[in-house]
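Convention: sequence-line order gives letters A, B, ...; per-chain numbering from 1. The model shown is predicted, which means the values in this text are computed figures rather than measured ones.
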Amino acid sequence: MSTLSSDQIAKAIDVTCDTVIANEKYFSDLDGLAGDGDFGTSLATGFKVIKKELPEIDKSAVGAMLLKISMICSKHVGGSSGPIWGTGFMRAGMASKGLEEVTYEQLTEMLGSAIEGIVARGGAKRGDKTLLDALWPIHEKMQEMDGSDLGAVLAAVAAEADKAIDETRSAVAHRGRASQVGERSANTPDPGIVGVATILKDWCAHYGVDFVPQAAELKR
Amino acid sequence: MSTLSSDQIAKAIDVTCDTVIANEKYFSDLDGLAGDGDFGTSLATGFKVIKKELPEIDKSAVGAMLLKISMICSKHVGGSSGPIWGTGFMRAGMASKGLEEVTYEQLTEMLGSAIEGIVARGGAKRGDKTLLDALWPIHEKMQEMDGSDLGAVLAAVAAEADKAIDETRSAVAHRGRASQVGERSANTPDPGIVGVATILKDWCAHYGVDFVPQAAELKR
Amino acid sequence: MKKFVNDPENFVPEFMAGVIAANPDLLEAMPEFQLIKRKNVDASKVAIVQGSGSGHEPAHVMAVGPGMLTAACQGPVFAAPPVDACYETIKSVATDAGVLVLVNNYQGDRMAWDMACEMAEAEGIKLKQFIINDDVAVQDSLYTVGRRGVAGNFFVMKACGAAAEAGADLDALYAVADKVNSNVRTMGLALTSCIPPAKGDPIFDIGDDEMEVGVGIHGEPGRERTKIKPADEITELLFEAVANDLPYNSGDRVALMINGLGGTPPAELYVLYNKAAQLCADRGLTIARNYVGEYCTAIEMAGCSLTLLKLDDELEKLLAAPAETACRIF
Amino acid sequence: MKKFVNDPENFVPEFMAGVIAANPDLLEAMPEFQLIKRKNVDASKVAIVQGSGSGHEPAHVMAVGPGMLTAACQGPVFAAPPVDACYETIKSVATDAGVLVLVNNYQGDRMAWDMACEMAEAEGIKLKQFIINDDVAVQDSLYTVGRRGVAGNFFVMKACGAAAEAGADLDALYAVADKVNSNVRTMGLALTSCIPPAKGDPIFDIGDDEMEVGVGIHGEPGRERTKIKPADEITELLFEAVANDLPYNSGDRVALMINGLGGTPPAELYVLYNKAAQLCADRGLTIARNYVGEYCTAIEMAGCSLTLLKLDDELEKLLAAPAETACRIF
Ligand SMILES: Nc1ncnc2c1ncn2[C@@H]1O[C@H](COP(=O)(O)OP(=O)(O)O)[C@@H](O)[C@H]1O
Ligand SMILES: Nc1ncnc2c1ncn2[C@@H]1O[C@H](COP(=O)(O)OP(=O)(O)O)[C@@H](O)[C@H]1O
Ligand SMILES: [Mg+2]
Ligand SMILES: [Mg+2]
Ligand SMILES: [Mg+2]
Ligand SMILES: [Mg+2]
């Protein structure tokens with residue numbers, strides 16, 4: 001069974017930094033449709049620091065590295081995204097404490113822990129139109145698959161996130177700044193979900209995994 | 001020799017009211033080019049009151065009627081135009097005190113008095129790019145002519161005012177709000193001169209006097 | 001982007017440095033946390049803190065001063081401050097008397113302050129959190145994050161600030177905050193959008209003849225988008241929404257605030273006040289105190305909000321007490 | 001036109017009614033002359049009056065109050081008040097101690113006040129007229145009307161207001177006005193135009209990437225039109241123009257004002273203040289008092305002006321004296 005080293009995870013995070021930084025304005029514009037237009041900037045502010053500090057961060061243990069990244073989120077990411085992503089990285093880090101590399105099962109559990117933490121922090125439910133509506137199906141898909149072909153897993157979860165964009169598009173947001181505009185949030189994509197899907201799309205490109213996006217927001 | 005009755009003068013003032021009111025926005029726009037954009041509104045505010053009160057104003061004496069109009073200017077016209085037009089009407093009124101009708105010579109003197117008063121009030125000199133640069137040549141033209149054909153006089157003074165627009169266009173304003181922008185007032189028409197010329201053009205139309213304007217501002 | 005700004009990333013640190021430079025005797029900063037606090041804090045009194053996105057000045061850091069906030073931190077424009085900054089804000093002014101944490105009801109702020117309060121309490125700091133939610137434009141329901149906290153926040157800060165100076169303890173201060181929040185209602189309206197410096201263009205599009213009724217202070221869409229109306233009709237529609245919500249009844253003494261959202265000049269706010277004062281009189285409300293100006297802005301948005309606070313003797317006295325902040329006239 | 005306005009012709013009377021409604025104990029109006037005056041004027045003291053176009057609020061009618069103006073009248077937006085209104089303003093507060101008439105140097109204002117002063121003096125009213133002209137953007141020469149009076153006006157009103165309260169006589173007050181005016185310099189800058197309500201559209205056109213350096217408070221073109229620059233460069237260019245004019249020299253104590261022209265939000269003004277304070281320090285100027293906010297606006301123009309006033313002990317004391325106007329924070 002395939003395992004992921006701390007360095008491999010660090011590399012994936014580094015690719016994520018590039019995605020978030022490159023999409024700063026786009027993600028903020030999406031957030032401006034029904035929210036307050038800060039999503040892209042908030043996230044990019046933190047991931048610029050992560051990008052810069054990542055080479056220096058101790059990578060001998062996966063958990064410690066993720067906790068360090070969580071702290072950067074607490075320190076540098078404003079808006080709801082700070083507590084949400086900070087909590088996610090913190091819980092994933094706690095779930096992988098002391099490990100030098102993680103198995104596919106451990107990776108799946110780390111995501112499960114992150115999701116639990118985010119739910120506890122922000123109280124979102126299925127269909128509330130948050131990035132959890134992408135993370136839940138991703139987690140379920142990972143539980144279904146055996147992880148023997150990580151490329152296949154990546155293609156499958158990228159497709160789940162992609163699907164989540166369109167499946168939640170017509171919904172009304174019930175969390176975050178966008179929830180305070182009522183019906184007006186319907187028929188706009190959720191920026192958090194688009195963010196997760198864009199990261200996965202870019203991972204596919206980076207790892208040479210075939211993936212044909214469906215949602216308009218990924219086809220730009 | 002032709003004389004003008006108080007009623008005839010009142011009628012000319014009434015036509016002037018229509019001109020000023022109809023050009024409120026245009027005159028302000030002209031003033032906005034190098035000045036502060038209030039000329040049209042300031043003048044129109046006063047002439048709306050004049051238009052309304054004119055039927056009630058005692059017309060038994062020319063002088064008293066003009067003094068009444070001067071008072072309306074003092075009360076209702078803001079900006080430099082209040083003192084300028086108010087002083088002009090006041091001095092014209094003083095020069096025609098007690099007269100029931102005025103001769104052509106008296107009319108010419110009334111304009112001369114108005115000009116003197118405006119000069120004393122605002123200190124403008126020839127070429128300072130103010131409405132005096134229209135009034136001076138008009139006054140001189142009136143002194144040259146004998147007034148036997150008032151239509152011919154009207155056509156001649158309208159042409160003087162028309163000419164003054166283009167003759168002062170390239171000058172730099174030395175008085176009023178527009179003077180405080182230095183070179184920037186060059187190559188804009190002076191709104192006060194355009195105002196005088198427009199009034200005379202409309203008088204020509206009202207009295208059936210042929211007049212073919214040259215300046216762009218009168219050809220709209 | 002028509003703004004006075006250098007590198008947009010430095011916008012918040014730079015304006016905060018300006019606030020400190022203009023108030024060297026009154027305030028001091030911890031720039032690494034975008035935090036401003038009073039100098040010479042009286043350790044025997046409850047400290048009052050707040051922190052939220054930037055772009056609402058004079059809220060929140062400019063509201064620090066005697067009789068107002070003890071400390072405040074700022075996030076980036078329109079985004080809640082990072083958790084760390086909230087935590088440090090509490091820690092920087094924590095006294096034995098405790099800390100009152102005033103949070104405007106936005107999920108980002110709430111989550112950041114929740115985490116910060118947990119961290120501070122774990123270290124033994126005594127505190128209470130109070131959530132402000134005065135915006136009637138937003139439906140309050142179990143299925144949303146609830147009503148937003150907007151200009152009514154000023155009255156909570158002012159009343160609690162005065163009570164804290166007078167020596168009230170933490171529970172008493174919480175009760176003051178609760179009394180103000182229960183009696184204050186606001187609704188806003190935008191004529192134009194606004195441009196967060198880092199974004200560089202308007203946060204929403206709005207037609208030349210349109211207005212956004214019930215807009216949030218971050219440009220969030222409101223109750224409805226309509227054709228622009230005369231000032232008196234706008235005042236009426238804001239007043240009705242606000243006055244019917246609590247409701248405010250004949251005989252009530254109130255504070256009335258006309259708040260400018262940043263791009264609306266003083267004269268227009270007084271046109272609105274003029275009508276609002278008439279509407280209060282028509283309804284039998286006595287305006288005991290009034291506030292016309294910029295209290296909680298949305299950067300340079302042209303727009304306004306109308307706030308009513310029902311007063312009792314206690315609140316009236318607290319509002320009248322002296323206070324001082326970064327913003328001065330003389 | 002994105003403004004809170006009913007019938008544009010009633011804009012000025014309506015905002016003035018709002019000012020009165022918000023300050024019933026402090027102020028009263030004579031609406032037929034668009035005139036606001038203090039209640040309970042002390043007849044033994046010199047009265048201070050002013051009057052100019054509207055659109056510069058809080059100047060001029062909102063600057064009436066104890067320690068500031070005794071009365072002021074407003075013209076239409078951006079136009080001098082009618083002669084009658086100026087005359088009535090003098091008359092309404094004339095005391096045996098006399099009246100100090102403060103006129104900003106615009107030809108319209110000057111002619112109206114000249115006529116009004118002649119009328120008042122003919123009736124035996126004792127008065128002195130003082131002309132304020134602090135704008136360094138305008139060339140001062142025999143061939144123009146001279147420098148405009150802009151935000152520096154605040155300091156003349158404040159210092160004279162304090163001196164009048166302290167019982168100074170008319171000659172002494174004139175000397176105070178002269179001292180302030182001789183030591184104060186201002187320059188403004190616009191990022192956007194503004195819309196007089198009666199005109200309905202912008203008073204000038206300006207590109208999305210342009211700024212107008214040395215703009216007048218009525219949108220008069222300034223020294224030059226350039227590409228927009230970072231905030232620090234803007235501050236530098238205003239500071240250099242102002243500071244070199246008097247000039248202000250190392251060791252001077254100064255008051256520094258960053259004035260918003262109406263559409264610029266508080267945070268941006270503090271970005272400018274931050275840099276201006278550094279520039280003062282670099283030049284060896286000590287900022288004894290500072291002012292950041294809206295003191296003299298051009299309706300809703302986005303822009304600013306920078307003012308320096310060289311202080312001596314007398315002026316510093318006069319600026320520090322208490323005062324009260326229509327605009328309040330608390
Ligand atoms: N309670 C929540 N739980 C999980 N994700 C959330 C929650 N609220 C918002 N989000 C996600 O965060 C995104 C918005 O982030 P951001 O703009 O930083 O927050 P804010 O709403 O405070 O402005 C949303 O698109 C959504 O996907
Ligand atoms: N000193 C003056 N003497 C005569 N006419 C003048 C003088 N100053 C200005 N004007 C005329 O008045 C016009 C501007 O009037 P207005 O806009 O009301 O004045 P302001 O310059 O105060 O805004 C100018 O176009 C000019 O023709
Ligand atoms: Mg957001
Ligand atoms: Mg003008
Ligand atoms: Mg946000
Ligand atoms: Mg004018």
Side-chain angles (χ1 to χ4, degrees), chain B residues 24-29 31-46 48-49 70-87 90 117-118 120-125 127-128 130 172-186 188, chain D residues 8-9 32-34 52-55 74-87 105-116 119 135 137-139 141-148 193 196 198-205 214-225:
Chain B
E24 167 166 358
K25 193 167 146 30
Y26 181 62
F27 290 167
S28 280
D29 286 348
D31 193 27
L33 295 178
D36 57 353
D38 63 347
F39 177 62
T41 309
S42 291
L43 222 51
T45 306
K48 280 176 196 168
V49 180
S70 163
M71 280 164 61
I72 295 178
C73 289
S74 286
K75 208 174 162 69
H76 297 282
V77 182
S80 291
S81 293
I84 290 169
W85 295 64
T87 301
M90 185 171 64
I118 295 172
R121 178 61 58 211
K125 299 190 195 52
D128 275 0
T130 72
V172 172
H174 285 160
R175 293 285 143 191
R177 205 56 68 74
S179 74
Q180 295 173 308
V181 308
E183 299 297 326
R184 304 278 292 261
S185 65
T188 61
Chain D
E9 298 214 356
E32 60 286 29
F33 301 108
Q34 297 193 163
S52 193
S54 291
Q74 299 277 123
V77 171
F78 287 179
V83 175
D84 255 39
C86 299
Y87 166 70
N105 192 33
Y106 295 98
Q107 176 186 276
D109 293 335
R110 288 192 61 169
M111 291 198 294
W113 283 103
D114 272 349
M115 287 179 81
M119 289 159 69
D135 188 352
V138 173
Q139 233 195 318
S141 100
L142 279 177
Y143 304 104
T144 70
V145 179
R147 288 185 159 179
R148 303 174 290 220
S193 184
K199 190 163 183 291
D201 45 32
I203 204 158
F204 61 90
D205 292 322
V215 76
I217 54 172
H218 313 88
E220 305 97 311
R223 287 190 174 184
E224 52 168 349
R225 178 73 62 96

(request) Would you please classify the geometry between the D/His218 ring and the D/Tyr106 ring as parallel, tilted or perpendicular, with 30° and 60° separating the classes? (result) perpendicular
(message) So, taking the atom named CE in B/Met71 and the one named CE in B/Met90, what distance separates them when rounded to the nearest 0.5 Å?
(response) 11.5 Å
(message) So which residue, D/Asp114, D/Asp84, D/Val77, ends up with the most heavy-atom pairs under 4.5 Å with chain B?
(response) D/Asp84
(message) Rounded to the nearest 0.5 Å, what separates atom CD1 in B/Ile118 from atom CZ in B/Arg175?
(response) 14.0 Å
(request) With a 4.5 Å cut-off on heavy-atom pairs, point out which of D/Ile203, D/Ile217, D/Asp201, D/Asp205 contacts chain B the most. (result) D/Ile203
(request) Report the option among B/Ala44, B/Gly78, B/Gly122, B/Gly123 that has the most heavy-atom pairs separated by less than 4.5 Å from atoms of chain D. (result) B/Gly78
(request) Under 4.5 Å heavy-atom distance to chain D, tell me which part of B/Lys75 shows up: side chain, backbone, both or neither. (result) both
(request) Please state whether the side chain, the backbone, both or neither of D/Arg110 comes within less than 4.5 Å of a heavy atom of chain B. (result) neither
(request) Taking only Lys NZ, Arg NE, NH1 and NH2, and the carboxylate oxygens of Asp or Glu, determine whether B/Lys48 and D/Glu9 approach each other closer than 4.0 Å. (result) yes
(message) Between D/Phe33 and chain B, with a heavy-atom cut-off of 4.5 Å, which part of the residue counts as in contact: side chain, backbone, both or neither?
(response) side chain
(message) Rounded at 0.5 Å granularity, tell me how far OG in D/Ser54 sits from CG in B/Asp38.
(response) 11.5 Å
(request) State whether D/Arg147 and D/Asp135 are salt-bridged, where the test is any N-O pair (Lys NZ or Arg NE/NH1/NH2 against Asp/Glu carboxylate O) under 4.0 Å. (result) no
(request) Name the region of D/Glu224, side chain, backbone, both or neither, that has any atom closer than 4.5 Å to a heavy atom of chain B. (result) backbone
(message) At a 4.5 Å cut-off on heavy atoms, which part of B/Ser74 comes close to chain D: side chain, backbone, both, or neither?
(response) both
(request) Tell me, out of D/Ala198, D/Gly108, D/Pro82, who's got the most heavy-atom pairs with chain B below 4.5 Å. (result) D/Pro82
(request) Sort out for me which of B/Ile84, B/Leu33, B/Thr87, B/Val77 touches chain D most, counting heavy-atom pairs under 4.5 Å. (result) B/Val77
(message) We want to know whether B/Thr41 and B/Ser28 form a side-chain donor-acceptor pair, criterion being a heavy-atom distance below 3.5 angstrom.
(response) yes
